[in-house]
Amino acid sequence: MKLKTDFLIIGSGISGLSLAIYLSKLAPDEKILLITKESLHESSTYHAQGGIACVWNNDDNFDKHIQDTLVAGDGLCDEKVVKKIITQAPERIIDLIDLGVEFTRNANGEYDLSKEGGHTVRRVLHVNDQTGQSIENTLISNVKKLSNVEIKENWCAVNLFAKNFRCYGVYVLNQESEEIHNIAAKATILATGGAGKIYLYTTNPDIASGDGIAMAYRAGATIANMEFYQFHPTCLYHPYAKSFLITEAMRGEGAILKDIRGNEFMEKYHPQKELAPRDVVSRAIDAELKRSGDDYVYLDIATQRDSNFIRNHFPGIYNTCLDFNIDITKQPIPVVPAAHYCCGGVKTEINGSTEVKNLYIIGESACTGLHGANRLASNSLLEGLVTAHECANTLAKEIHGLKIKEFPEWEPGNAVPSTEAVVLSQNWDEIRRFMWNYVGIVRTDKRLQRAKKRINLLLDEIDQYYWDFKIEKNLVELRNLATVAKIIIVSAISRKESRGIHYNLDYPNKSEMSRPTTLRRPW
Ligand code: FAD
Ligand code: SIN
């Protein structure tokens, strides 16, 4: 089926939904189609816990927030972008409040500000420990009221149609009818989130398979800084807990890390101890686990705060851990580091524009220059919101110069229904395992080269499968996952230093001539 729309938004996290809201207001006569590959709320946004960073009270100022962001970014942030995003934060937070987000208040009725690693002051607005759920639900209920926005769930973008650095639209798998639709648009905006599913252990939900980054790469866009995949220090360690994060805000409220024998260890690694930047804490835990051979370390809030405080501040974590028979008011929480956030992405301006005309990328899939070599906690919801706002302004201004142009229908060739689903699950497992072991928290040249050999073999196999068999969501995701894995490996090999989150034992120091890594097709 051939479809047309003025603006096509792909993804329903904070960036896609807030873009729909801003754009609908600025361009009320245009048709906006928002598609998402599962149900509307499925997104990393929904799972965000800690909150959203913003200069909010008199103890803080923009210079401090900018400085903390630059320090975390370890020399690779784009300072102009950092300033622009951080100084816009209060206005964008007010937008969220106006839409109905009820941030947690303290006993005086003021917004309660929490603290996370790398922040020198308390500046994180939150809704208890379920900030993302509250933001996502509020945005969804607002988008559903917009008359010029049409929503399609379970529509999975398969590939962009782009020629000579111009994007015409996208091929989409309608998972109910199993048809591939061809959607032509004046502008296509990818708000498809991160790629944590590339790693064996991740805090990310299943949707995070790097689809937008892989699609934009195939369309000719430049990809930047993909070696900087951030690992969160504290993901719940339990055989039945899938990807459950224990927020950094818990360390902000005094929780301490201990080995399983009860010894504290963070003072050996950084003067800020538990509140050191994330890369430092993740590497410290990794080093302790490698040294001891243990499977996990403990995060202990029980001995630091009384049980009422813990239950009131962290109700989501309290209840989830209780489901696994861990009472966090009485016991320490077993935790391990896990892949969490893609600091790199498609190279964009702050408004999401790319080198491919009519193609925009916003949110976690984009690399605006805000995060550099390591993201400061709670700056990503903010980036999604600000880039959505900037993107809406640009699209509304450019609307009259944009035209819908049709493109050929999907060519299924001789594809037949898949007979060997086992190939997909085997390849998927293999990638995630070697990415964790060879391209994880601590890297070496030898491990990276091993990973490169394996991904090249797998890419050939997956490509063959892609053309021979009928398209299904698993296959689309696996192909994208493999492409993004290769981009990460190639980027990591090209960085001959250790900086921010990228740590290579063969180059343990920083180079003086460091630049962002950029990569364009073919590799
Ligand atoms: P997402 O929210 O991930 O949304 C992506 C959307 O794209 C989804 O709807 C998905 O289904 C859709 N999609 C993907 N591929 C396709 C496709 N092929 N076709 C159609 N649709 C597609 N950041 C903070 O600032 N503060 C926090 O406290 C915080 N806590 C976090 C906790 C967890 C557990 C996690 C995982 C992340 C956390 N982050 C936090 C990071 C932050 O949540 C994300 O970076 C941010 O929500 C990304 O928003 P997004 O709109 O770019 O993508
Ligand atoms: C957390 O709550 O620890 C996650 C915050 C973030 O990733 O920004």
Side-chain angles (χ1 to χ4, degrees), residues 8-19 34-54 114 116-119 124-127 129-133 135-136 139-140 152-160 170-173 175 190-197 202-215 230 232-236 243-252 278 281 314 316-317 338-343 345 361-366 371 375-385 387-388 473 476-477 479-480:
L8 172 62
I9 302 174
I10 305 176
S12 57
I14 190 167
S15 51
L17 293 171
S18 39
L19 173 64
L34 186 148
I35 68 164
T36 192
K37 70 177 170 180
E38 294 191 7
S39 58
L40 260 183
H41 74 275
E42 286 298 338
S43 59
S44 287
T45 301
Y46 185 85
H47 297 274
Q49 292 185 1
I52 182 160
C54 171
S114 53
E116 293 177 16
H119 289 274
V124 181
L125 287 126
H126 60 104
V127 184
D129 59 352
Q130 290 169 318
T131 311
Q133 193 173 322
I135 291 178
E136 181 76 13
L139 293 175
I140 289 176
K152 294 287 182 192
E153 293 174 283
N154 300 311
W155 281 29
C156 176
V158 174
N159 218 7
L160 298 167
V170 70
Y171 294 110
V172 171
L173 170 67
Q175 293 175 80
L190 299 175
T192 44
K197 295 306 280 188
T202 179
T203 64
N204 290 189
D206 287 345
I207 53 95
S209 49
D211 298 0
I213 298 172
M215 286 192 281
Q230 184 175 69
H232 195 291
T234 56
C235 184
L236 178 63
S243 314
F244 187 69
L245 182 81
I246 308 294
T247 179
E248 195 152 306
M250 197 175 266
R251 277 174 282 134
R278 251 175 217 183
V281 184
F314 305 109
I317 295 176
H340 183 59
Y341 183 82
C342 186
C343 291
I361 324 283
I362 53 173
E364 189 170 336
S365 310
H371 310 303
R375 175 182 66 104
L376 183 69
S378 289
N379 265 356
S380 45
L381 290 173
L382 175 62
E383 186 188 37
L385 198 57
T387 52
K473 182 162 90 47
V476 171
E477 291 180 332
R479 182 176 183 236
N480 292 330

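One is the number of the first residue; the rest follow in order along the sequence. Counting convention: from 1, in listed order, for ligands and their atoms alike.
- Closest non-hydrogen pair, Gly345 versus Ile213, comes out as CA-CD1, 4.2 Å.
- Residue-level proximity to ligand 2 for Leu245 is carried by the side chain, the only part with a heavy atom below 4.0 angstrom.
- The backbone N or O of Glu248 lies less than 3.5 Å from no partner atom in the side chain of Glu116, so there is not a single donor-acceptor pair.
- Pairs passing the salt bridge (charged side-chain N to carboxylate O under 4.0 Å, His left out) check and including a residue from residues 202-212, sequence neighbours excluded, read Lys37-Asp211, Lys197-Asp206, Asp206-Lys242.
- Looking at every heavy atom in both residues, His119 comes nearest to Ala53 through CE1-CB, 3.9 Å.
- Taking only nitrogen or oxygen atoms, main chain and side chain alike, Glu116 does not reach within less than 3.5 Å of ligand 2.
- Of the inter-residue distances, the one linking Ile362 atom CD1 with Leu19 atom CG reads 4.5 Å to the nearest 0.5 angstrom.
- Contact annotation: His340 has at least one heavy atom less than 4.0 Å from an atom of ligand 2.
- Protein heavy atom in closest approach to atom 2 (O) of ligand 2: Thr247 OG1, 2.6 Å.
- Residue Ser44 comes nearest to Asn204 through the heavy atom pair OG-CG, 4.3 Å, listed as atom of the first residue, atom of the second, then distance.
- Each of Ile10, Gly11, Ser12, Gly13, Ile14, Ser15, Thr36, Lys37, Glu42, Ser43, Ser44, Thr45, His47, Ala48, Gln49, Gly50, Gly51, Trp155, Cys156, Ala157, Ala191, Thr192, Gly193, Thr203, Asn204, Ile207, Asp211, Leu245, His340, Tyr341, Gly363, Glu364, Arg375, Ser378, Asn379, Ser380, Leu381 has a non-hydrogen atom positioned under 4.0 Å from some atom of ligand 1.
- Atoms of ligand 2 lying under 4.0 Å from at least one heavy atom of Ser378, given by number and element, are 6 (C), 8 (O).
- When all heavy atoms of Ile246 and Thr234 are compared, the pair lying nearest together is O-OG1, 2.7 Å.
- When each atom of ligand 2 is checked for a heavy atom of Glu248 under 4.0 Å away, the hits are 1 (C), 2 (O), 3 (O).
- Listed by number with element, the atoms of ligand 2 under 4.0 Å from a non-hydrogen atom of Ala377 are 8 (O).
- Contact between Gly117 and Leu376 at its shortest, heavy atoms only, is O-CD1, 3.8 Å.
- Between Thr203 and His340, the side chains place a donor N or O and an acceptor N or O closer than 3.5 Å (distance only, hydrogens not considered).
- In terms of polar-atom proximity, Gln49 is not counted as a contact of ligand 2, lacking any N or O under 3.5 Å from an N or O of the ligand.
- Ligand 2 has a nitrogen or oxygen under 3.5 angstrom from a nitrogen or oxygen of His232.
- Taking only nitrogen or oxygen atoms, main chain and side chain alike, Gly50 reaches within less than 3.5 Å of ligand 2.
- Contacts with ligand 2 closer than 4.0 Å are made by side-chain heavy atoms of Arg278 only, the backbone lying farther away.
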Check your understanding: Between His371 and Glu383, is a side chain to side chain donor-acceptor pair (under 3.5 Å) present by the stated rule, with each step listed?
Key -> CA-CA 10 Å; His371 310 303; Glu383 186 188 37; 2.8 Å; yes
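- In terms of heavy-atom proximity, Arg278 sits nearest to Ala377 at NH2-CB, 3.3 Å.
- In terms of polar-atom proximity, Ser380 is not counted as a contact of ligand 2, lacking any N or O under 3.5 Å from an N or O of the ligand.
- At a threshold of 4.5 Å between non-hydrogen side-chain atoms, the residues Leu190 and Ser365 do not count as touching.
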